[in-house]
Each structure stands twice: as C-alpha cells, then as structure tokens.
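Reading through the structure tokens given below for one structure.
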Amino acid sequence: MSVSMRDLDPAFQGAGQKAGIEIWRIENFHPVLVPQSSYGKFFTGDSYVILKTTALKNGALRHDIHYWLGKDTTQDESGTAAIKTVELDAALGGRAVQYREVQGHETERFLSYFKPCIIPQEGGVATGFKHAEEEEHKTRLFVCRGKHVVHVKEVPFARSSLNHDDIFILDTKSKIFQFNGSNSSIQERAKALEVVQYIKDTYHHGKCDIAAIEDGKLMADSETGEFWGFFGGFAPLPRKTASEEDKNVGIYPTKLLRVEKGQSEPIGDESLTRDLLDTNKCYLLDCGTEVFVWMGRSTSLDDRKSASSAAEELIHGPDRPQSQIIRLIEGFETVVFRSKFDSWPQTEDVAVTEDGRGKVAALLKRQGLNVKGLMKASPVKEEPQPYIDCSGHLQVWRVNGQEKILLQSADQSKFYSGDCYIFQYSYPGDDREEYLIGTWFGKKSVEEERASALSQVSKMVESLKFLPVQARLYEGNEPIQFFSIFQSFIVFKGGLSEGYKSYIAEKEIPDETYKEDGLALFRVQGSGPDNMQAIQVEPVASSLNSSYCYILHSGSSVLTWYGNLTTSEDQELVERQLDLIKPNAQCKTQKEGAESEHFWELLGGKSEYPSQKIAQDSESDPHLFSCIFSKGIHKVTEIHNFSQDDLMTEDMFILDCHSAIFVWVGQQVDSKMKMHALTIGEKFLEHDFLLEKLSREAPVYVITEGSEPPFFTRFFSWDSAKSAMHGNSFQRKLTMVKHGGTPTIDKPKRRAPVSYGGRSSVPDKNQRSRSMSFSPDRVRVRGRSPAFNALAANFENPNARNLSTPPPVVRKIFPKSVTPDSVKLASKSSAISSISSTFEKSPPIREVIIPKSIKVSPETPKQNSEPNNKENSMSSRIGSLTIQEDVKEGEAEDEDGLPIYPYDRLKTTSTDPVVEIDVTKRETYLSSAEFREKFGMTKDAFSKLPKWRQNKLKMALQLF
C-alpha cells in the first residue's frame with residue numbers, strides 16, 4: 001500500500017506506541033482525543049475510534065482498532081469514524097484488525113476493555129444534543145446479559161420489561177436491586193453483580209444498599225416486598241417476547257464477494273480456499289452475523305475505504321441479521337476468518353508488511369515524531385523460572401504393566417525412553433502441603449502402560465480429593481518445573497518394563513536398552529546445576545551439534561566432546577553429568593575440530609551435523625477459554641483481557657500458553673466431569689482452536705480451584721482469598737459486593753518467599769536447603785525442617801565424597817546440635833523422633849544448609865551417644881525401646897482388633913509384602929511397641945497429627 005502523509009490525520013500521529021487504550025471522538029468530521037479520565041464513558045449521539053495496543057512476548061506490538069457508533073449518531077459521523085479507522089491502520093503500518101461496534105451489539109473483545117460494562121449516556125456533539133449533566137437521581141431499570149462479559153441495556157421502568165430469562169438491575173436513589181430471573185444461570189448472576197458494583201461506585205459514590213431478589217420468592221422477605229413495591233405490587237410476569245435482536249439467525253450460507261470500483265460481486269466457487277484471494281484486491285466474506293473485509297497488501301488506501309463502504313452497504317440490505325464488520329489485512333487474518341476456509345496455508349510471508357511498517361515510521365520520523373512504538377522491539381530474553389518450591393519430597397515409580405515399582409532415591413532421575421513413570425512431588429505451600437502428581441511417557445513407551453499410568457495417577461489424585469495438580473508429560477516436551485524438581489535428569493535408550501520387552505519381542509525389534517559397558521552417546525543440556533539433563537542419542541556423528549557438549553563411552557573408554565558454540569557453564573554440566581553416568585572414570589576431552597581418530601571410529605566415521613540449538617516450544621501470550629463440554633469439548637469461548645474473576649467455580653477453563661495447557665476445574669464442577677479434565681485438555685490440543693500448531697505432546701496440567709500453584713497464578717493478579725471462598729459464584733460475589741471486597745480469611749502466617757531458581761551461586765541464608773545431587777549413590781535430601789535435616793544426617797556418610805565436588809563444610813543444624821561424627825552414630829529411631837518432636841513444638845531457627853555432596857552409608861551404625869548431649873540422650877532412650885512380646889505374625893491383634901505384622905513386610909518396598917490389608921493405613925498393622933519404635937510416638941498421638949504430616953512420616957518409613 002502506498003502511504004502519503006496527506007492520508008494520515010494529525011490526530012493519529014504518535015498513536016499506538018505503547019501498550020494501553022487510546023480513544024478519539026468524531027467532532028466536525030475530525031477525530032479529537034478523549035482524555036483518559038473519560039475512558040469508558042460513551043454518548044449515544046457520538047461516534048468513537050478506539051485503539052487497543054498490546055505488547056506481545058516477542059517484543060512486537062499488536063493493534064486492534066474499533067469504531068463505536070451510538071444509536072443516535074448521524075450517518076456522516078459513522079461514515080467518518082469508518083474512514084478514520086482505515087487511516088489509523090495506515091498510520092500503524094497496515095496490520096491492525098478493525099471492528100465495527102454498534103451500541104447494544106458490541107463484540108466481547110470490545111466490552112472486555114471496559115469491564116465490567118459500559119452504560120452509554122444520552123447526548124452527543126454533532127447531533128446537537130448536550131451531554132447529560134448531573135441531576136437529581138432518576139430510577140432506572142437495566143437488563144443484563146452475558147456469562148463472560150455483560151451487555152447492559154436500559155429498558156422501560158415497567159413490570160412488562162421483566163421476564164424469567166434475564167437479570168435486571170433496578171437502580172433507585174437509596175438501594176440497588178438485582179432481580180434474578182428463574183431461568184438465568186449462576187454465572188450470569190455473578191457477572192451482573194459486577195455491574196451492580198459499578199453502578200454503586202459510579203452513580204452513588206459507593207454509598208447505597210444492595211439487595212438480591214430471586215424470581216419466584218414472592219413476598220418472602222422485606223427486600224422482595226420493597227422491590228415489587230416499585231412496580232405497584234407483585235403480579236405474574238409476562239412471557240418474554242422475542243425482539244429483533246433476540247431472534248435466532250438460521251443457517252446463513254457463507255459467501256465470498258470481490259470488491260471492484262466500490263461494488264461487490266459474488267465469486268461462484270463452491271469451495272473456499274486461500275488461492276481465491278488476490279493481493280491486489282479487496283474482498284467481503286459474508287457470514288451472516290459477521291462480515292469480514294479482507295484487504296490485500298498491495299491495495300491502495302482508497303481501495304480499502306471503498307471496500308469498507310461496500311461492507312456498510314451490504315449489512316444494511318433487507319432481511320439481514322444484525323451484523324458486525326471486521327476488517328483484516330492480508331497476512332494478519334484472525335483465527336475465526338481462517339477457519340471459514342476449507343484450506344489455508346500454515347505460514348504466511350509478512351516481510352512486505354514489515355517493510356511497509358518501516359516506511360510509515362520513516363515518514364513520521366521526518367516530521368520529527370517519536371516512532372519508537374512503530375518498530376518491532378527486540379524480545380526481552382528472560383531466564384525461565386520454574387515458579388515452584390524445589391525443596392520438597394520426591395517419589396518416582398516405574399510403570400510395569402498394571403503395577404508400579406517404587407524407585408530408590410539414587411535411581412529417581414534415571415528414566416528409560418521405552419518406559420512410563422509416575423512421580424509425586426510434595427512441597428510446602430502457604431498454609432498446607434501441596435502436591436504435584438504426574439506421568440512421564442517415554443518416546444518408545446507402549447500404549448498399554450501409558451493408559452495404566454494415567455489410571456493409577458487418576459486414582460492417586462482422587463484419593464487426595466483432587467487437591468494435587470496433575471501433569472501429563474512426554475519425553476522431549478518436559479516443562480521447566482519438571483527439570484527443576486529433578487535437578488539432574490538422564491534419559492537412557494530402551495526400557496526395563498515388561499510392556500516394552502513384550503513389544504520389541506513381538507515386533508522383533510533389536511533391544512537398544514542402555515548397557516553400562518556398551519557404546520553410548522549422551523547430549524548434555526540445561527541452564528545450570530539445578531536444571532541439567534543428559535539425553536542418550538544415536539552413537540553416530542550426525543547426532544552431534546556444535547551448540548552442545550556430549551559424553552561418549554564404550555567399555556572402559558570415556559570421552560567428552562565440546563562443541564565450538566558451547567560455554568564454560570555448558571562444559572561444567574558435562575563434568576557433573578559424568579559423575580552420574582560414569583563416576584570415578586578417567587575421560588579424554590575432545591574439542592570440536594580437534595577430535596582423535598578413536599573418537600570418530602567409535603561414532604562410525606565423520607559426517608555432517610547441525611550447529612543450531614534444538615528449537616523448543618516457547619511460551620506465548622496466554623489465552624483463556626471457557627469450556628462447554630458433553631463427552632469431551634463441545635464448544636470453547638475465548639475470554640479476552642481475562643482476570644481471576646473470570647474463573648467461575650461451576651465451570652472448567654483452559655489456559656493456553658502454547659508451550660503448556662492448564663485445565664482449571666472449579667470446586668463445584670461435577671466429580672464425574674473432574675475425572676475427564678485431562679481428556680478435555682488433550683482434546684483442546686487435538687483441535688488446536690487458535691491454529692497455532694500446538695503439539696499433541698505439549699504438557700497438560702489439571703488444576704483444581706483452591707490448589708493453584710505459582711506457575712499457574714503468575715498469569716493473573718492472584719488473590720488466594722477469592723479461591724478459598726465458599727459457595728457458588730453468585731454467593732461469593734454477593735458477599736464481596738455487600739462487604740466491599742474479599743473477606744479476610746484467617747490463615748497461618750505465610751512462610752518466607754522461596755527462590756524459584758536462577759544463576760546465583762550464593763544461596764540466601766533464609767532459603768530452604770536443597771540438595772544438588774551428583775553422585776549416583778547419594779540420597780536426595782530435600783530439607784523441609786530441622787527435623788528432616790536431622791533425618792538426612794542419619795543416613796549420610798560425610799566421608800564419601802564425589803570427586804568433582806569440594807569436601808562438605810561441617811556446620812551445625814541446631815545451636816546445640818551434635819557434630820557430624822556423632823550424628824552418623826544415631827539410630828534411625830532418633831531421626832524419626834526428631835521429626836515427631838517438630839510437630840509438637842515450634843522448630844528452632846534454621847542456621848545452615850546441608851552439605852551438598854554426601855553419600856549414603858551402606859549400613860546404619862550402632863548407637864553411641866555422648867552422655868553430655870541431651871538430645872542424643874533422649875534419642876537413646878527412645879531408640880532403646882524394643883518389642884517386648886515375640887508373637888507370630890497374624891496371630892496377635894492390637895487394641896483395635898487389627899492383625900499385627902512386622903515392619904519389614906508392611907513396607908512398600910518389601911520383597912514379601914502382606915496381602916489383603918488396607919494399603920493406605922499400613923502403619924495401623926504395626927504392634928504398639930514397634931509403632932513407637934519407628935514413629936517415636938504412640939498411635940494415639942500420631943492420629944492427632946495433621947494428615948499431611950502423617951503422610952510425611954509414613955513416606956520417610958516407606959509406609960506410604
């Protein structure tokens with residue numbers, strides 16, 4: 001499009017340079033900037049141009065232009081607004097989407113800019129009306145419609161305006177009444193209360209009473225009687241009469257029309273394809289309630305104005321439904337427009353538009369204007385953050401058929417590509433223990449074991465009353481939260497499960513399962529010691545990449561390879577991963593371009609390989625959708641400019657960040673539908689509603705209201721008190737409106753903020769201790785309290801040290817704590833009693849962090865406490881308790897009448913487990929004496945502990 005400065009109205013110069021809203025009112029055929037204090041105030045006799053500028057994550061600015069026409073505006077004003085909108089788009093480089101908004105029929109996108117609503121006032125400029133001045137309060141009646149945004153319309157103040165289907169607001173001098181039609185939904189009632197609050201603040205200065213009237217209550221209370229008194233007393237309501245705007249539009253055939261010299265001509269092709277659109281012409285796509293104006297890149301400004309006029313003429317034709325006009329520029333078509341075509345190419349070259357945008361900026365710059373906002377900004381590079389506390393407790397199971405096998409701590413971070421895994425991660429929240437339970441599917445895992453994993457996780461989540469966050473992850477698409485929890489993560493080829501072995505045997509596929517003394521090549525990646533991975537790849541030269549480091553081993557030969565584009569931090573990660581894959585091994589370093597012949601021989605010879613880093617799905621600007629479902633997704637509706645208040649407790653919502661999908665489930669969603677939440681997320685990925693090439697294997701999280709993790713709430717301005725409220729959406733909102741805000745909920749004092757990761761090498765002294773485990777024999781110590789630190793110390797051997805890390809610094813955990821030499825001699829019961837004691841009294845202040853590189857002692861040493869140490873003396877007394885009665889298992893019963901079994905048979909890792917018991921209450925089958933020995937307390941004292949603390953103790957003893 002050729003651009004001339006004479007085509008650009010001076011009022012638009014400098015517009016759209018920063019995120020926000022700008023509004024112009026049409027006065028005497030010219031746009032006049034509206035002061036920000038008057039935003040949201042529209043007059044029925046005026047026309048307006050509204051520009052919404054959004055800053056995207058990639059650094060670009062997106063523009064949406066709307067022109068709003070009041071019901072009493074003149075034809076000249078409305079025509080000027082339409083033309084000026086085209087000019088504004090030209091000033092912004094010709095890439096904005098343009099919407100025609102008519103009073104009473106505004107798009108949801110437009111109304112979302114002015115939440116909770118707009119209530120146009122009588123008056124205007126060009127119409128000759130004077131803007132309504134403040135006067136004596138007038139009783140008015142409004143009808144409210146909408147579940148996500150509210151369309152508000154003033155109706156005659158009469159009983160005949162009321163009906164059973166809608167919600168009405170009666171605004172009187174001293175009180176605002178909300179009348180809820182019996183057929184209206186809870187969500188609509190809740191949204192209408194936001195309008196009530198707006199009227200109260202705007203027209204009553206926040207000082208008036210609020211009353212909610214339920215249709216059908218008759219004269220049950222004084223407020224109901226007061227309401228009907230304004231209408232002359234109660235009388236049955238008439239049936240709702242269908243107005244023109246309420247009439248349903250039947251099936252309207254989609255038609256494509258070409259605009260030639262201001263006239264539209266139909267194109268007779270039965271199938272709509274992208275090839276029908278010529279870059280030198282403008283087209284109309286008539287969909288009934290929506291008319292799209294498509295403008296080719298090479299069209300002139302006059303051509304675009306003519307196409308807009310043709311669209312205006314089209315929608316005013318006879319026997320047409322109320323229609324909205326949406327204008328689009330080639331290369332920037334909306335998802336809705338593209339979905340109307342039978343075929344549309346996946347990618348479009350928009351280089352011409354970028355060039356045109358630069359030309360516009362250059363023209364404006366010559367006029368001495370700031371054009372910073374017109375040019376695409378460089379995206380801000382941010383280190384990805386996990387937004388989860390990484391000091392919690394981790395358990396991992398490998399799925400084996402219909403069962404799951406608990407992995408030892410040393411093997412928790414070693415996965416096989418042919419297997420499926422279940423992980424449960426518990427970590428301290430603001431006022432309770434939080435859980436993340438998920439599945440990890442290897443690329444070569446079999447479908448039967450994937451289904452088994454999902455089924456078992458579903459039962460685990462349901463057993464915890466849907467409180468845990470559920471995650472479904474695929475190899476190669478893991479989110480930062482997953483890697484941060486595991487810290488060091490290795491993926492081996494092949495598999496160990498029965499399902500994988502049966503599959504390769506059936507298909508006669510060679511078994512490629514990793515062997516320690518075989519030939520293997522690992523690609524090392526990550527951002528630091530708390531987020532590093534080693535992925536086994538094909539041992540051939542084409543698997544190399546100049547942007548990564550690699551570990552290659554065959555038998556006793558171990559080599560490391562550094563690509564030319566790697567950093568010293570990348571190379572440090574190789575040394576750390578080498579300690580896990582080949583500990584204590586001597587290795588030879590190979591630098592790209594200076595490799596030995598032996599290196600290439602192991603890889604089967606030289607070949608070409610890439611140098612660019614492997615592309616990862618990056619997080620895009622989030623989109624929120626509400627879901628209406630029936631056996632899967634039936635309909636999704638995007639909620640524009642969303643906030644926490646849009647999450648209704650009766651519904652499910654999907655937050656799409658491109659790199660991950662979050663399914664939010666309200667507390668009042670039916671429990672059967674909660675079980676299908678993961679399926680709904682998978683269906684969303686399958687349909688790809690935004691046509692953004694979503695991966696079917698993108699992470700899916702299922703989140704229940706009230707258990708939202710920080711990596712979800714970061715997309716909102718979150719108020720945890722709102723999600724903790726009781727009742728349905730309407731009841732909650734009514735409480736807030738009547739009390740002037742969210743009621744205060746007594747909660748335990750928030751714990752200190754936790755660092756979510758980063759590059760800092762010096763941990764904050766107040767931060768929880770976390771282990772960075774590099775030794776394959778090392779227990780993952782995730783200290784949560786001094787008691788757990790004491791427990792860890794009992795099983796650690798400070799003399800065992802990884803060769804690549806410095807010796808640990810001996811520090812005391814408590815002011816009067818024993819030295820490491822005496823700690824290692826304490827018994828297991830001493831550690832458990834330490835845990836128990838912290839639940840019954842306030843723990844002392846943490847002073848230090850556990851040394852990082854410590855290995856497990858193969859055996860628990862005998863107790864040898866120092867007589868002068870009081871804590872050890874108490875531990876000794878508890879540890880000296882023994883079982884006094886020697887009974888045969890199953891023959892004796894405890895005081896509750898349950899059979900008694902030995903601890904070794906009740907453990908989850910037992911080789912001879914007891915059958916036919918309640919596996920969720922394994923501890924109840926211990927004798928009283930053995931229970932006290934293991935837990936350091938009586939069964940009665942244990943039963944009085946909070947559930948999450950009970951589970952913590954049971955986990956430590958492998959009884960959970």
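Scope of the values below: all heavy atoms of this structure, side chains included, with no hydrogens, waters or symmetry mates. Nothing fancy with the numbering, it's 1 onward along the sequence.
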Exercise. Side chains of S707 and L467: does their closest heavy-atom pair fall under 4.5 Å?
Worked result: yes
Exercise. Can you tell me how far the CD1 atom of I437 sits from the CE atom of M460, to the nearest 0.5 Å?
Worked result: 4.5 Å
For this session: Evaluate the side-chain proximity of L926 to Y901: yes if any heavy-atom separation is below 4.5 Å, no if none is.
Result: no
Problem set entry | Pairs flagged by salt bridge (Lys or Arg N to Asp or Glu O under 4.0 Å) wherever residues 446-465 is involved - sequence neighbours left out | none
For this session: Would you please indicate yes or no on a ring centroid separation below 6.0 angstrom for F423 and Y421?
Result: no
Exercise. V669 versus M652: any side-chain heavy-atom pair under 4.5 Å?
Worked result: yes
For this session: Would you check if F942 and T924 make a side-chain contact, meaning some heavy-atom pair closer than 4.5 Å?
Result: no
Problem set entry | Aromatic ring proximity, centroids under 6.0 angstrom, Y387 and F712 | no
Exercise. Does K147 have any salt bridge (Lys or Arg N to Asp or Glu O under 4.0 Å) partners at least two apart in sequence or in another chain, and if so, which?
Worked result: D651
Exercise. Do the rings of F486 and F482 sit parallel, tilted or perpendicular, given the 30° and 60° boundaries?
Worked result: tilted
Exercise. Does NZ or CZ of K934 lie under 6.0 Å from the centre of the six-membered ring of Y903, at an angle within 45° of the ring axis?
Worked result: yes
For this session: Tell me, with the steps shown, if S729 and E650 meet side chain to side chain donor-acceptor pair (under 3.5 Å).
Result: CA-CA 7 Å; S729 298; E650 297 80 16; 2.5 Å; yes
Exercise. Under a 4.0 Å N-O cut-off, is there an ion pair linking K722 with D645?
Worked result: yes
For this session: Using side chain to side chain contact (heavy atoms under 4.5 Å, CB included) as the criterion, point out the one residue from I703, V702, T649, L647 that pairs with V665.
Result: V702
Seminar exercise, completed: Sorted by chain and residue number, the salt bridge (Lys or Arg N to Asp or Glu O under 4.0 Å) partners of E188 (sequence neighbours excluded) come out as none
Exercise. So S488 and Q577, side chain to side chain donor-acceptor pair (under 3.5 Å) or not? Walk me through it.
Worked result: CA-CA 8 Å; S488 175; Q577 290 287 33; 3.2 Å; yes
Exercise. Any chance the rings of F931 and Y925 have centres within less than 6.0 Å?
Worked result: no
Problem set entry | Exercise: do E705 and S723 side chains pair donor with acceptor under 3.5 Å | no
Problem set entry | Pairs where residues 470-488 contributes a residue and the test salt bridge (Lys or Arg N to Asp or Glu O under 4.0 Å) is met, not counting sequence neighbours | R472-E682
Exercise. Do we get K493 above Y514's six-membered ring, with its NZ or CZ under 6.0 Å from the centre and within 45° of the axis?
Worked result: no
Exercise. Are H658 and L694 side-chain neighbours, meaning at least one heavy-atom pair lies under 4.5 Å?
Worked result: yes
Exercise. Can you tell me if T513 uses its side chain to pair, donor with acceptor, with the backbone of G495 under 3.5 Å?
Worked result: yes
For this session: Going by the side chain to side chain contact (heavy atoms under 4.5 Å, CB included) test, name the single residue among I680, V700, L685 that passes it with I654.
Result: I680
For this session: Look at the rings of Y701 and F711 and say which category their plane angle falls in: under 30° parallel, 30 to 60° tilted, over 60° perpendicular.
Result: tilted
Problem set entry | Residue pair Q470 / T439, side-chain heavy-atom distance below 4.5 Å | no
For this session: For E708, enumerate each residue passing the salt bridge (Lys or Arg N to Asp or Glu O under 4.0 Å) test, keeping only those at least two apart in sequence or located in another chain.
Result: none
Problem set entry | Counterpart residues, ring-ring contact (aromatic ring centres under 6.0 Å, His included), relative to F730 (two or more places apart) | none
Problem set entry | Ring geometry between F689 and F684 (parallel below 30°, tilted from 30 to 60°, perpendicular above 60°) | tilted
For this session: Could you give me the CA-CA distance, side-chain angles and deciding distance for T637 and H148, then say whether side chain to side chain donor-acceptor pair (under 3.5 Å) is met?
Result: CA-CA 9 Å; T637 303; H148 305 301; 5.1 Å; no
Problem set entry | Q402 side chain reached by E498 side chain, heavy atoms, under 4.5 Å | no
Exercise. Mind checking whether F415 and W440 have parallel, tilted or perpendicular rings, split at 30° and 60°?
Worked result: perpendicular
Exercise. Can you check whether L953 reaches F935 side chain to side chain, under 4.5 Å on heavy atoms?
Worked result: yes
